[in-house]
Amino acid sequence: MVSQPFNVLLLGAGAVNFGTPEGPWCHTTRLERKLGARLNVVGLVDPVTSKAEARLAEKRGVVGYEHTEVFGSIAAAGEALTGTRAPALVVAGVQPEIRGSHAPGRDVELQVQRAFPSTPLFVEKPLSSSPVAEVVAVAAALGGTRTSVGYMFRYLEGLCGGWAGLTPAVQTIRRLIAEHGLQVTATVAQYYMAYEHAGTPERHAGYFDLGVEVGPIVSQATHIVDLCVYLAGPADLASVHTHTLEVDEGPGVLSKLGWSSDIPTARHIPRVTTAVWKYATGAVATLVHGVSLHDGDYETELVVLADGWKFKLVDPYGVPRLHVRRPGQPEEAVTVYKDDDPFFTEMATFIDVIEGVVDESAVLSTYNEAIRTYELTWAIRNDGDKNRDERRARAAQANGKSASNGAA
Ligand SMILES: NC(=O)c1ccc[n+]([C@@H]2O[C@H](COP(=O)([O-])OP(=O)(O)OC[C@H]3O[C@@H](n4cnc5c(N)ncnc54)[C@H](O)[C@@H]3O)[C@@H](O)[C@H]2O)c1
């Protein structure tokens, strides 16, 4: 039964909830489109309340924000938003460092649960920056709470066949795999970031600093790794092998960084990461992530192989294209999805699940499901870090030897 109005509590007055010029994300515009006059944003929580007020001021005149109250904490929102003001949905668009843990201040999900028990929770990727075990403990604490995690690419029409199965039959990777009883044999994923405009010391430089953020695999390539897991199943974590190109190695210099970095060498993100692993099925995977393009858009691409078949998803962030080569048809068929907005489908689907319009299974990434991706991205990063440290130790030892040889 669809209720009126639909109360939403937003956590975070930042980019993912309110948008930025450099990306398509912006949860508020998708909520506005989905709910129209029914949208009632009851609260916006951000410890930087001045930022929250500024974002709300930009929404003046937009339907849905007439009664929005700004709160400095989730607890304060919990005290105020009761009865008819209680949220039907909480959208956690906050940084991973304050999520996915029981540690005070890093426990946003649990704060939400205390303030609004059982209220459905949309939470952004990556699940956290904490160790996997802590995230697993949070999942257990969330229990039966409905969750949806921001892996929006799962909702691309070319991948899942459309929102809740309501769109016309689209030739998609998931559907073709199911229809033809295919077994994925390999995935080849590429994620090339355009870094030239990605950071200034004041803004987003944390991306380049492992002391501030979790690094490009856990925070960024996570999207394409998630698709690998979605299409080929769970990975054998013990099989992961990773190599990285680092800032202190010859080709690791970035000529267009645009700001002078004082990040210590040990804390610089890798410039390029390559990883291979096996899936539980026996299939194999390759990932290449590069902080490597200058201006313009990111480039992402995923190839999925099965006996006789090749699927290639190109540019999921932009205008997604799906290339399919199949038995008996060596020419690739290309489908272009011009108006596919996975951010919208992701949010609209969760609202429909909450309102009982569609079945729970329409949520394509729950908190529990997202843990698989989280642990795989950490396995990739950890193996890369280990190999980097061993390489540096070998180099230091060799330098020591040659210095002492020189002295002798
Ligand atoms: N799915 C996507 O494509 C996509 C795109 C962008 C960002 N994200 C993810 O969204 C998350 C947020 O990223 P962002 O770029 O919006 O970050 P941001 O820094 O722009 O915004 C986060 C906001 O949360 C606020 N905040 C801090 N503690 C809080 C608390 N306890 N309660 C409420 N608000 C609090 C901060 O003050 C800040 O305003 C990250 O996990 C990021 O990876 C996902």
Side-chain angles (χ1 to χ4, degrees), residues 9-30 43-56 69-78 87 90-101 103-116 121-130 135 148-156 191 193 198-199 202-207 212-227 297-298 300 316-318 341-347 350 364-365 367 370 373-374 377:
L9 173 64
L10 300 172
L11 309 183
V16 80
N17 278 344
F18 289 88
T20 42
E22 76 239 29
W25 42 84
C26 178
H27 291 317
T28 49
T29 51
R30 274 55 178 217
L44 170 57
V45 180
D46 200 303
V48 188
T49 52
S50 56
K51 183 175 173 186
E53 297 286 3
R55 287 302 169 106
L56 269 188
E69 198 175 332
V70 168
F71 300 98
S73 72
I74 295 166
V90 176
V91 176
V94 296
Q95 57 271 45
E97 292 76 19
I98 60 167
R99 298 189 265 106
S101 171
R106 309 185 63 176
D107 57 347
V108 157
E109 301 88 343
L110 304 178
Q111 291 178 40
V112 170
Q113 196 185 41
R114 281 195 291 276
F116 307 101
L121 176 64
F122 177 90
V123 62
E124 262 306 334
K125 51 50 66 177
L127 283 182
S128 182
S129 63
S130 297
V135 175
S148 175
V149 180
Y151 284 113
M152 69 287 170
F153 287 154
R154 289 192 177 210
Y155 295 84
L156 280 171
Y191 193 123
M193 187 233 188
E202 297 77 34
R203 191 170 159 274
H204 290 335
Y207 170 85
V212 178
E213 293 189 14
V214 280
I217 299 301
V218 180
S219 77
Q220 191 176 53
T222 186
H223 276 300
I224 201 118
V225 171
D226 181 66
L227 287 186
D297 294 332
Y298 296 10
T300 47
Y317 275 110
D341 179 357
F343 290 96
F344 174 76
T345 311
E346 167 184 75
M347 195 58 79
F350 197 36
L364 300 181
S365 181
Y367 198 91
T373 300
Y374 191 61
T377 54

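We count residues from 1, following the sequence as given. Atoms within a ligand are numbered from 1 in the order they appear, just like the ligands themselves. Because the structure is a prediction, the values reported are computed rather than measured.
The contact set between ligand 1 and H223, taken as ligand atoms under 4.0 Å from a residue heavy atom, comprises 1 (N), 2 (C), 3 (O). For ligand 1, the atoms lying closer than 4.0 Å to a non-hydrogen atom of G93 are 12 (C), 22 (C). Distances below 4.0 Å separate heavy atoms of F343 from the following atoms of ligand 1: 1 (N), 2 (C), 3 (O). Residue-ligand proximity, M152 to ligand 1, at heavy-atom distances under 4.0 Å covers atoms 1 (N), 3 (O). With ligand atoms numbered from 1 in the order given, ligand 1 contributes 38 (C), 39 (O) to contacts under 4.0 Å with heavy atoms of K51. Atoms of ligand 1 found under 4.0 Å from any heavy atom of W25 (numbered from 1 in listed order, with element): 3 (O), 5 (C), 6 (C). Atoms of ligand 1 found under 4.0 Å from any heavy atom of V45 (numbered from 1 in listed order, with element): 32 (N), 33 (C), 34 (N). Close approach to G12 involves these atoms of ligand 1, each under 4.0 Å from a residue heavy atom: 23 (C), 24 (O), 33 (C), 34 (N).
Residue contacts with ligand 1 leave out G105, since none of its heavy atoms falls under 4.0 Å from the ligand. Not a single heavy atom of Q111 lies less than 4.0 angstrom from ligand 1. Using a non-hydrogen distance threshold of 4.0 Å, Q220 does not register as a contact of ligand 1. Under the 4.0 angstrom criterion for non-hydrogen atoms, S219 is not in contact with ligand 1. Heavy atoms of Y151 stay at 4.0 angstrom or farther from ligand 1.
With atom 42 (C) of ligand 1 as the reference point, the heavy atom nearest to it among Q95, K125, H27, R55 is part of K125. When the heavy atoms of P47, G14, S73 are ranked by distance to atom 29 (C) of ligand 1, first place goes to P47. Of the options T222, D46, L11, I98, the smallest heavy-atom separation from atom 23 (C) of ligand 1 is shown by D46. Remark: among candidates T49, V218, V16, the nearest residue to atom 6 (C) of ligand 1 is V16, based on non-hydrogen atoms. For the residues P96, G150, P342, S129, the heavy atom positioned nearest atom 40 (C) of ligand 1 is part of P96.
Of the N or O atoms in V48, none lie within a sub-3.5 Å distance of an N or O in ligand 1. Taking distance alone, with nitrogen or oxygen atoms compared against 3.5 Å, N17 stays at or beyond that limit from ligand 1. Residue E124 has at least one N or O atom closer than 3.5 Å to an N or O atom of ligand 1. Looking at ligand 1, you'll find an N or O of A15 within less than 3.5 Å of one of its N or O atoms.
L11 places a side-chain heavy atom less than 4.5 Å from the side chain of V112. Using a 4.5 Å heavy-atom cutoff, the side chains of Y367 and L121 are not in contact. Using a 4.5 Å heavy-atom cutoff, the side chains of L56 and V70 are in contact.
If you take CZ on F344 and CE on M152, they are separated by 15.5 Å, rounding to the nearest 0.5 Å. Annotation: the span from S128 atom OG to E109 atom CD amounts to 7.0 Å, rounded to 0.5 Å. To the nearest 0.5 Å, atoms OG (S219) and CD (E213) are separated by 6.0 Å. Annotation: the span from L156 atom CG to Y317 atom OH amounts to 11.0 Å, rounded to 0.5 Å.
Salt-bridge formation is not detected for the pair D107/R99: no Lys NZ or Arg NE/NH1/NH2 atom is positioned less than 4.0 Å from an Asp or Glu carboxylate oxygen. The pair K125-D226 does not meet the salt-bridge criterion, since no charged nitrogen lies less than 4.0 angstrom from a carboxylate oxygen.
For R99, every heavy-atom contact with ligand 1 shorter than 4.0 Å involves the side chain, none the backbone.
No side-chain donor-acceptor contact under 3.5 Å links R30 to the backbone of M347. The main-chain N or O of V16 is never found under 3.5 Å from a side-chain atom of T20 such that the two would form a donor-acceptor pair.
Inspection of the Y207 and Q220 side chains reveals an N or O donor paired with an N or O acceptor under 3.5 Å.
By the 30° and 60° cut-offs, the orientation of the rings of F350 relative to F122 is tilted.
The aromatic ring centres of Y155 and F343 sit 6.0 Å or more apart.
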